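This report concerns only the one structure given below.
Atoms within a ligand are numbered from 1 in the order they appear, just like the ligands themselves. Note that the numbering runs from 1 along the sequence shown for the chain. Computed from a prediction, not measured in an experiment: that's the story for all the values here.
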Amino acid sequence: MMTPLGRARALNFQGKVYDKFPKTYNIYAIAITATVSGLMFGFDISSVSSFVSQDHYRNYFNRPDSLTQGGITASMAGGSFLGSLFSSDFQDIFGRRVALHMCSVLWIIGAILQCAAQNQGMLIAGRLISGIGVGFGSASAPVYCSEVAPAKIRGMIGGLFQFSVTVGIMIMFYIGYGCHYIDGVASFRLAWGLQMVPGLILLVGVFFLPESPRWLANHNRWEDAVEVIANVVAKGDRENADVRLQLDEVQEQLLIDKDASDFGYLDLFKKDCIKRTFIGVSAQVWQQLCGINVAMYYVVYLFQMAGFTGNVALVSSSIQYVLNVVMTVPALFLMDRIGRRPLLIGGGIFMCIWLFGVAGLLGTYSEPIENFSGDDTVRITIPDQHKAAARGVIACSYLFVCSFAPTWGICIWVYASEIFNNRQRAKGAAFAASANWIFNFALAMFVPSAFRNITWKTYIIFGVFSFCLTIHVFLQFPETRGKTLEEIDQMFKDNIPAWRSASYVPDMPIFNKEKVVSTEHAENASSSSEKALMVQEEESV
Ligand SMILES: OC[C@H]1O[C@](O)(CO)[C@@H](O)[C@@H]1O
């Protein structure tokens, strides 16, 4: 008997309804429209940050205790985890544009529920649905952009996604900040209602986007694939050399897709792959365990612990979001110049220093808050006579974000993908990306409880994690900069110690063909995602 997935495949969906709309072939217009879903990813990170300490919000939602607040915040990441699991097969069957539409529709439904939320349950449901939408978007937009973009600018277009995530975090925080001046429940209702705007932009914009050439080719529409590539790369000139090159790549990719179709998730744990799986998954897990989302979700609590409340806490918190955006830009250029290992090790050392700085200052100068109410998350504060220490906490927290953004922020998405070979990549990168979401969820959920129970010592935990990740990178993460994907593959087979990998040159020269498509794979990584998982599930049913 055919599974629902098998039946959906058998439909051979062609998405002809999109053909009725005029198309833009300007790659920047295409990339900006598609990465609106990155903005949503960012919105979902900071959409409650500015309200967690506000009375209107807290009173209306029954003064959520630390665990409940964790659940409210984490519900989006949980939804995104689910969305990214389902989106991969969905986008293969129905196309990247339908997946982006799914993202916008779910996002809008979730925003309506949040805006109208009457209680905690409705708020959590709204955030979960929006999160599922973001899961669809985060898994399909980077794939789509890298499949449409000309090879020359694919790296930059790929990085645009994480950049738009950071911009989204910043914009949403400021929307929340602006709205907190409104007296009454309209403050959070307006902020969450405004979330619909990017959803609507994406909903309309997607009709004017061309389909991904790789998807078209996979659906026996080679002529249409040629037309899209020719229009995007060379204003319709099918004989242009870059167009021919990109068509060759699509053809090569079709072969890779076919070759990888029998590679199951369990294969990731076989002898020839398990080391890469371990490195890829730990890279993504460390990216969360360093504590970046403690800063992104709950910076306001930290500022309260440092003794800043109300407007001052909000304004000071917002600066970290600006720094996150600004410091993401150098990452786009540094990765290929400096290399992955120095960036990850350097980032780890600095993050560790700043986290211990926060813990040390809070531990030394803070005092317990007397008369806190039972549901309060913040239980310590630095008194006014130690303002310099309080400023030190803020400085360390800013520097922590500045250390993360150009290192672990972008680098890890590329790295967790390029360490796998062609056959392993879709499933390996997808599995690693889902580890990122699930740890994002766990941190969002439990950090408020940690603040409440062990206060400043929470930062010791993240400081220790940052120390461990630095050692782990030094001992086990090989350098991939400037190597073709085949050389990276050979490097793993030769079992080269990570600390000697930067100068590794394979004994036999390796034909450099794959280099052309390497960036594409790297960027696809997080996203070409869970195709495999669904196939695997289907097989096991
Ligand atoms: O820029 C910070 C943001 O980047 C991510 O780590 C994804 O790469 C998010 O989890 C985090 O909120």
Side-chain angles (χ1 to χ4, degrees), residues 35 37-49 73-81 83-84 127 131 134-135 137-139 141-142 158-173 280-300 317-332 335 343-344 347-348 351 397-417 429 432-445 447 462 465-466 469 522-523 525-527 529:
T35 51
S37 59
L39 284 186
M40 296 172 181
F41 182 153
F43 273 32
D44 91 6
I45 303 262
S46 60
S47 58
V48 289
S49 305
T73 306
S75 49
M76 274 226 187
S80 301
F81 172 71
S84 65
R127 287 180 61 80
V134 168
S138 69
L160 206 61
F161 187 78
Q162 170 75 8
F163 179 70
S164 67
V165 172
T166 61
V167 173
I169 300 177
M170 181 182 73
I171 294 179
M172 191 62 218
F173 188 85
V281 169
S282 23
Q284 290 284 15
V285 169
W286 286 133
Q287 201 230 27
Q288 291 298 312
L289 285 187
C290 71
I292 184 61
N293 277 323
V294 179
M296 294 295 131
Y297 288 128
Y298 300 122
V299 63
V300 171
S317 307
S318 72
I319 293 172
Q320 75 154 15
Y321 298 109
V322 178
L323 291 172
N324 191 31
V325 174
V326 174
M327 294 302 287
T328 296
V329 178
L332 300 173
M335 233 172 4
L343 277 186
L344 295 177
M351 289 191 299
S397 159
Y398 290 161
L399 288 165
F400 167 69
V401 173
C402 290
S403 305
F404 171 89
T407 59
W408 284 77
I410 284 192
C411 205
I412 227 61
W413 293 97
V414 175
Y415 190 75
S417 152
S434 60
N436 185 291
W437 276 120
I438 208 72
F439 274 77
N440 183 333
F441 172 83
L443 259 80
M445 182 83 192
V447 163
F462 292 113
F465 282 147
S466 292
L469 63 85
E523 281 139 18
S526 58
S527 15
S529 28

Taking the non-hydrogen atoms of F404, is any one of them nearer than 4.0 angstrom to ligand 1?
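Contact present.
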
Using a 4.0 Å heavy-atom cut-off, which part of N440 comes near ligand 1: side chain, backbone, both, or neither?
side chain

Relative to ligand 1, is T328 under 4.0 angstrom through side chain, backbone, both or neither, heavy atoms considered?
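Neither part.
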
Between [X] and [Y], is any pair of side-chain heavy atoms under 4.5 Å apart?
X	Y	answer
Q284	I412	yes
R127	V48	yes
F404	M327	no
F163	T35	no
V447	F462	yes

Tell me, which protein residue and heavy-atom name are nearest atom 8 (O) of ligand 1, and how many Å apart are they?
W413 NE1, 2.8 Å

Ranked by distance from atom 7 (C) of ligand 1, the top protein heavy atom is Q162 OE1, 3.7 Å

Does Y298 use its side chain to pair, donor to acceptor, with the backbone of A444 at less than 3.5 Å?
yes

Please check whether Q287 reaches ligand 1 - meaning an N/O of the residue sits under 3.5 Å from an N/O of the ligand, judged on distance alone.
yes

Say whether Q288, considering both its backbone and side-chain N or O atoms, lies within less than 3.5 Å of an N or O atom on ligand 1.
yes

Please state which option from N293, T166, I412, I45 has its nearest heavy atom closest to atom 10 (O) of ligand 1.
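Looking at heavy atoms only, N293 sits closest to atom 10 (O) of ligand 1.
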
From the candidates D44, N324, V167, the one that places a heavy atom nearest atom 2 (C) of ligand 1:
N324

With heavy-atom distances below 4.0 Å as the criterion, list the atoms of ligand 1 near M296.
12 (O)

Partner of Y321 by side-chain contact (heavy atoms from CB on, under 4.5 Å), out of I169, V401, I45:
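For Y321, the side-chain contact (heavy atoms from CB on, under 4.5 Å) check succeeds only for I169.
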
